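Structure first, then comments.
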Amino acid sequence: MMWYDSLRFKSTNSNPKWNPHMRYVKPDNFDIAAKLLQDEKGISRILSGGTDVLVQLKSEVVEPDLIVDLKHLAGMTDIIEEDGGYRIGAAVAGAVLGEHQGVKAMWPGVVEGMKLIGSTQVQGRATMAGNLCNGSPAADSVPAMITADAVARVHGPDGPRDVAVSEIPTGPGKISLAKGEFITSIFLPARPERASDAYLRFIPRTEMDIAVSAAAVSLELDAAGICTAAKVAVGAVAPTVRRVKDAEIALIGSKLDDTAIAGLVSAVEAACSPITDKRGTIEFRTKTAGVLAKRAALIAYARAGGQK
Ligand SMILES: Cc1cc2nc3c(=O)[nH]c(=O)nc-3n(C[C@H](O)[C@H](O)[C@H](O)COP(=O)(O)OP(=O)(O)OC[C@H]3O[C@@H](n4cnc5c(N)ncnc54)[C@H](O)[C@@H]3O)c2cc1C
């Protein structure tokens with residue numbers, strides 16, 4: 001289903017299938033929110049930007065009994081410097097993140113992944129936490145968060161805990177958070193000089209579509225321009241965003257010469273296990289994932305100050 005298909009909203013809520021018991025709650029703090037979510041017997045959803053939730057409601061994909069709005073709680077819309085990195089509140093919208101000079105300079109690939117989501121209107125609401133917890137294998141902000149080693153701060157009935165972003169999606173529409181848990185912020189760690197990242201996706205149109213394939217690459221270089229650390233992740237080519245360690249090994253120790261790039265491409269292709277659907281075949285998705293990983297690696301290398 002394309003995004004614009006899901007936007008054919010019904011003009012009335014008088015449909016008999018509309019859940020008359022749906023409750024919207026704005027709790028006073030995280031503990032109350034966790035208890036509400038834990039005690040709920042029916043279906044619950046967190047409302048961040050609502051750009052997935054409201055579309056799913058209108059198209060009757062889901063009829064939640066409880067909607068918990070957390071945007072007003074402390075820190076949810078803040079971006080703060082912490083330990084040389086950035087803590088991004090779970091309700092920070094893409095448009096706000098895209099204007100933050102510090103995050104843009106340190107993690108440009110994370111910002112470009114988020115900025116590819118939707119339109120100007122969607123950018124005003126959509127969040128990284130919502131993108132991650134919607135559980136789509138094609139979620140645009142997730143590959144670069146994974147290559148950034150981003151960590152989600154999760155609040156639940158037992159209080160807060162930190163979880164690697166890579167451990168949260170478990171399959172299409174599925175995440176590992178327990179009942180009562182939700183994300184309060186996402187932490188992007190500090191990085192050394194001569195380090196950068198990039199994210200690219202392929203879509204059949206120029207904008208407003210779901211990735212057919214995608215790749216994020218994050219690199220660290222030494223003073224001579226040799227790659228000392230690499231992270232590679234691909235999107236939309238497996239049930240979840242997939243990290244490709246063999247591709248990382250191919251890049252480390254090189255200046256991203258032809259041999260290293262060929263190793264990256266073949267490792268990425270080998271890691272793909274996509275489906276064929278109306279938007280792309282297995283072969284097409286696999287091939288384009290390799291091409292995107294190569295291009296993203298070269299962009300990240302140049303951004304990190306590498307010269308070929
Ligand atoms: C027109 C349009 C175009 C789009 N284009 C793209 C695109 O190009 N790429 C793309 O990846 N997506 C796209 N999307 C999907 C959507 O905009 C993104 O997934 C967005 O990032 C969701 O964020 P949100 O804050 O709106 O999430 P919401 O809709 O508020 O929530 C989404 C899900 O995450 C859960 N959730 C929200 N916040 C939290 C939290 N803090 N803790 C735990 N769970 C939480 C909710 O319960 C829900 O299941 C598009 C949507 C529309 C309507």
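Since this is a predicted model, take the numbers as computed values, not measurements. Read the numbers this way: they start at 1 and go in the same order the structure lists the ligands and their atoms.
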Examine the proximity of ligand 1 to [X] and report which part, side chain or backbone, both or neither, has a heavy atom under 4.0 Å away.
X	value
His155	neither
Asp209	backbone
Leu116	backbone
Thr51	both
Val122	side chain

Inset, instruction - Classify the angle between the aromatic ring planes of His100 and Tyr86 as parallel (below 30°), tilted (30 to 60°) or perpendicular (above 60°). - result: perpendicular
Inset, instruction - Could you label the plane-to-plane angle of the Phe202 and Phe284 rings as parallel, tilted or perpendicular, counting under 30° as parallel and over 60° as perpendicular? - result: perpendicular
Under 3.5 Å donor-acceptor, [X] side chain and [Y] backbone:
X	Y	value
Asn134	Ser136	no
Ser44	Leu37	no
Trp107	Met145	no
Gln123	Ile117	yes
Tyr301	Gly225	yes

Using a strict 4.0 Å cut-off to heavy atoms of [X], name the atoms of ligand 1 that fall inside it.
X	value
Ser48	25 (O), 30 (O), 37 (C), 38 (N), 39 (C), 41 (N)
Gly118	3 (C), 4 (C), 5 (N), 6 (C), 7 (C), 8 (O)
Phe182	42 (N), 43 (C)
Val55	53 (C)
Asn134	33 (C), 34 (O)

Judged on heavy-atom distance to [atom], which of [options] sits nearest?
atom	options	value
atom 36 (N) of ligand 1	Ile175, Leu132, Ile46	Ile46
atom 22 (C) of ligand 1	Ile186, Asp52, Leu70	Asp52
atom 28 (P) of ligand 1	Ala33, Ala152, Ala139, Gly50	Gly50
atom 12 (N) of ligand 1	Ile67, Asn131, Asp140	Asn131

Inset, instruction - Return yes or no for this condition: an N or O of Ala126 is under 3.5 Å from an N or O of ligand 1. - result: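 No - when backbone and side-chain N and O of Ala126 are compared with those of ligand 1, no distance drops under 3.5 Å.
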Legend entry - Heteroatom distance test (Gly49, ligand 1): nitrogen or oxygen, under 3.5 angstrom: yes
Legend entry - Distance-only side-chain donor-acceptor flag, Asn131 / Ser141, under 3.5 Å: yes
Inset, instruction - Verify whether one side chain among Ser185 and Arg87 offers a donor that lies under 3.5 Å from an acceptor in the other. - result: yes
Inset, instruction - Please state whether Arg201 comes within less than 4.0 angstrom of ligand 1, counting heavy atoms only. - result: yes
Inset, instruction - With rounding to the nearest 0.5 Å, note down the distance linking CG in Asp140 to CD in Glu112. - result: 10.5 Å
Legend entry - Basic-acidic side-chain contact under 4.0 Å: Arg45, Asp52: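 Salt bridge absent between Arg45 and Asp52.
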